[in-house]
Amino acid sequence: MLTQTQTDPGQSAPLIAIASVIVSMALIAIGNGLMFAFIPVRLGADGFDPTWAGLIVTGLSAGGLAGCILTGPLVRRVGHARAFMVLSALIALSNVAIGAGPMPLLWIAARALYGFAICGLFIVAQSWLNDALPNAIRGRVMAVFYVAYIAGLGVGYATLAAIDIQTAAAPLIGIAFTELSILPVGMTRLAQPPAPQAASVALGQAWRISPVGVVGMLAVGGLSMIISGFAPIHATAKGYSQAEVALLLSAMPVGTLILQIPLGWLSDRTDRRYVLAGTAPPSKAVAASLLAIAFDGGALMALVAIYLIWDGASESIYSLSSAHAADRARKEELLALSSSLLFAWSLSGFIVPGIVTALSAVFGTGTFIYVGIAIASAFCLFVLWRVFAARPMPAAATGSFAPMSAQTPLPVELAFAPEEPAKPAKD
C-alpha cells in the first residue's frame, strides 16, 4: 500500500490505482501530440492558407479558457471519474470531426472542443491525485505525472512521420488512444474525492502574493501556445517534409524534460527570481528565438537543437513561476492562488495566439518568433525589476521544485487545499 486517501483514512490508495490516472493521461498525450502535428501539416499539404491553422490554435486556446471556468461545476455535478470519461469522450468526438476531412471552420470548432476537454482533464486528474497522495510523496508522484504526459506528447509528435496524412489515420489513432485512456480510469479502485470546493479567481490577491508568479503565467501562457501551435505551421510553410516536422516537434519535449531538472535544483538553493531572470529561462528563450530567426529555413538539425532549447526554456518559466508563487502564499491562499494563476495562463494562451494569427496574415508565419522574443524580453526585465524592488524569500520557507509543463495546466485544488506550512505572503 502506498498511502491513505485524504478523504477517508480507512481506505488505501494502492500504487496500481494511482498509476491508472497517470497511464490514462499518458495514453491521451500520444493521441494529442499526433493531432497537434497532423493538423498544420495536413492543411499545408492541401494548400490552405496558414492563417487557418493559426485560427485553429486560437480556437483551441478559447476552449481551454472555457475549460478552466467550467470544469469545477462539472466535477461537482458528476464526480471525478465520470467527468474524466465525459471529457475523454469529447476529445474523441473532436478527433472524429478532424477525421471528416479538412474543413477549417469545422476544425476550429473541433479544436475548441478539444481545448475545453484537455484543460478539464488535467484539472480533474491533478485534483484526483492530489486528494489521494500524502504530502510526503505528492511532489514525486506529480513529477512522474508530468514527465509521463510530456513523453507521451513526444511519442505522438514522432508518430506523424509514420502515417499517411492524406487518410484519416491520424484522427483514428488519436481516437484509439483516447478510448484506451478511459479503460484504466474506468477500472480504477482509487477512491473518489469529496465534492470539490468552488475555486475563486482573485487576480488582485495573486498579484499581492507574487507579481512574478502572475506575470510569469501571463508570459508563458502566450509563449507555450505560440511555440507548440505555430512551430509546425511555420515549418510546414517553409517546406519542411512531414518527417522533418515530426522530428522537430518530437525534439521539443526533450528540452522541457532536460532543462527543468538542473534549473529546479538551482532554484531550490537560491532566490528563484535569480534563476528566472539571469541564468536561464527568459534569457535563453530570447537567445533561442534569435537563433531561430538566423537559421530559419536552414539545416534541420540546427533548428532541432534551437527549438529544443527554446521550448525547454519557455516551459521552465511555467514551473519556476508557479513554484515562486507557491513559496509566498499562506496555506489558506493556495486554492485561490492556483485558480488565479491558471486563469492568467489561460487568458494569455487565448489572446496571444489570436494576435499572432492576425499578424501572421500580414507579416508571415515567422511572426510568432518575434512575438516570442518580445514576451520573453519583457518578462526578463520585469523579473529583474522585482529582484531589486522586493527582498528574497528565506530559503527555509520555500518549497521543493517539481518539473511541470505549460502543456499541462496548473493543478487547481478542486477538492482540498494541500497541507503545507503557512508561509508569509510577501514579495
Side-chain angles (χ1 to χ4, degrees), residues 24-25 27-71 74 82-124 149 152-153 155-157 159-160 162-183 225 228-230 232-233 236 242 245-246 249 346 349-350 353-354 357 407 409:
S24 289
M25 291 304 295
L27 289 169
I28 285 176
I30 295 174
N32 291 351
L34 175 58
M35 295 307 294
F36 257 106
F38 167 76
I39 289 173
V41 173
R42 176 63 190 274
L43 289 175
D46 286 2
F48 286 93
D49 189 282
T51 302
W52 283 111
L55 289 171
I56 289 171
V57 174
T58 305
L60 186 157
S61 304
L65 183 59
C68 295
I69 297 170
L70 299 177
T71 298
L74 173 64
R82 289 178 179 174
F84 192 101
M85 295 178 188
V86 167
L87 294 166
S88 297
L90 292 179
I91 290 181
L93 182 60
S94 167
N95 290 340
V96 168
I98 301 297
M103 294 177 276
L105 290 176
L106 177 63
W107 283 18
I108 291 172
R111 293 303 278 174
L113 182 64
Y114 162 79
F116 169 84
I118 192 61
C119 186
L121 274 175
F122 270 105
I123 293 173
V124 170
Y149 186 82
L153 280 179
V155 172
Y157 291 146
T159 304
L160 177 70
I163 65 170
D164 182 355
I165 62 169
Q166 293 300 326
T167 69
L172 287 174
I173 293 172
I175 292 169
F177 276 102
T178 302
E179 295 305 318
L180 284 173
S181 74
I182 297 176
L183 299 180
M225 287 307 302
S228 63
F230 288 87
I233 297 172
T236 301
Q242 176 182 333
V245 173
L249 290 177
S346 303
F350 167 58
T357 299
Q407 303 303 316

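Since this is a predicted model, take the numbers as computed values, not measurements.
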Once salt bridge (charged side-chain N to carboxylate O under 4.0 Å, His left out) is applied, what residue pairs with a partner in [range] remain, sequence neighbours excluded?
range           : answer
residues 49-71  : none
residues 90-112 : none
residues 28-45  : Arg42-Asp46

Taking atom [atom1] of [X] and atom [atom2] of [Y], what is their separation to the nearest 0.5 Å?
X      : Y      : atom1 : atom2 : value
Ser94  : Ile175 : OG    : CD1   : 9.0 Å
Ile28  : Ile91  : CD1   : CD1   : 5.0 Å
Leu55  : Phe48  : CG    : CZ    : 12.5 Å
Leu249 : Leu160 : CG    : CG    : 8.0 Å
Trp52  : Ile39  : CH2   : CD1   : 14.0 Å
Phe350 : Met225 : CZ    : CE    : 11.0 Å

Any side-chain heavy atom of [X] sitting closer than 4.5 Å to one from [Y]?
X      : Y      : answer
Pro40  : Phe230 : no
Tyr157 : Phe38  : no
Leu121 : Ser88  : yes
Phe177 : Leu34  : no

Would a distance-only check, ignoring hydrogens and angles, find a side-chain to backbone donor-acceptor pair under 3.5 Å from Thr159 to Val155?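 Judged by distance alone, yes, a pair lies under 3.5 Å.
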Could you pull out every donor-acceptor pair under 3.5 Å between side chains of residues 96-110 and any protein atom, sequence neighbours left out?
{"from": "Trp107", "atom 1": "NE1", "to": "Ile98", "atom 2": "O", "distance (Å)": "3.4"}
{"from": "Trp107", "atom 1": "NE1", "to": "Gly101", "atom 2": "O", "distance (Å)": "2.8"}

Those residues that, when tested against [X], pass side chain to side chain contact (heavy atoms under 4.5 Å, CB included) (two or more places apart):
X     : value
Ala83 : Leu74, Val75, Val78, Val124
Leu93 : Leu113
Ala89 : none

Identify, with sequence neighbours excluded, every residue that meets side-chain hydrogen bond (donor to acceptor under 3.5 Å, both in side chains) alongside Asn95.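 Partners of Asn95 under the side-chain hydrogen bond (donor to acceptor under 3.5 Å, both in side chains) test: none.
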For Thr58, which residues count as a side-chain hydrogen bond (donor to acceptor under 3.5 Å, both in side chains) partner, sequence neighbours excluded?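 Applying side-chain hydrogen bond (donor to acceptor under 3.5 Å, both in side chains) to Thr58 gives Thr357.
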Donor-acceptor pairs under 3.5 Å, side chain of residues 60-68 to any protein atom, not counting sequence neighbours: which ones?
{"from": "Ser61", "atom 1": "OG", "to": "Val57", "atom 2": "O", "distance (Å)": "3.1"}
{"from": "Ser61", "atom 1": "OG", "to": "Gly349", "atom 2": "O", "distance (Å)": "2.6"}

Minimum heavy-atom separation for [X] to [Y], with atom names?
X     : Y      : answer
Pro50 : Ile233 : CB-CG2, 3.9 Å
Ala45 : Gln166 : CB-NE2, 3.7 Å
Met85 : Ile182 : CG-CG2, 4.0 Å

Paired with Tyr114, the side chain to side chain contact (heavy atoms under 4.5 Å, CB included) test is passed by just one of Asn32, Ile56, Leu90, namely Asn32
According to the side chain to side chain donor-acceptor pair (under 3.5 Å) rule, which pairs have a member within residues 168-183, sequence neighbours left out? none
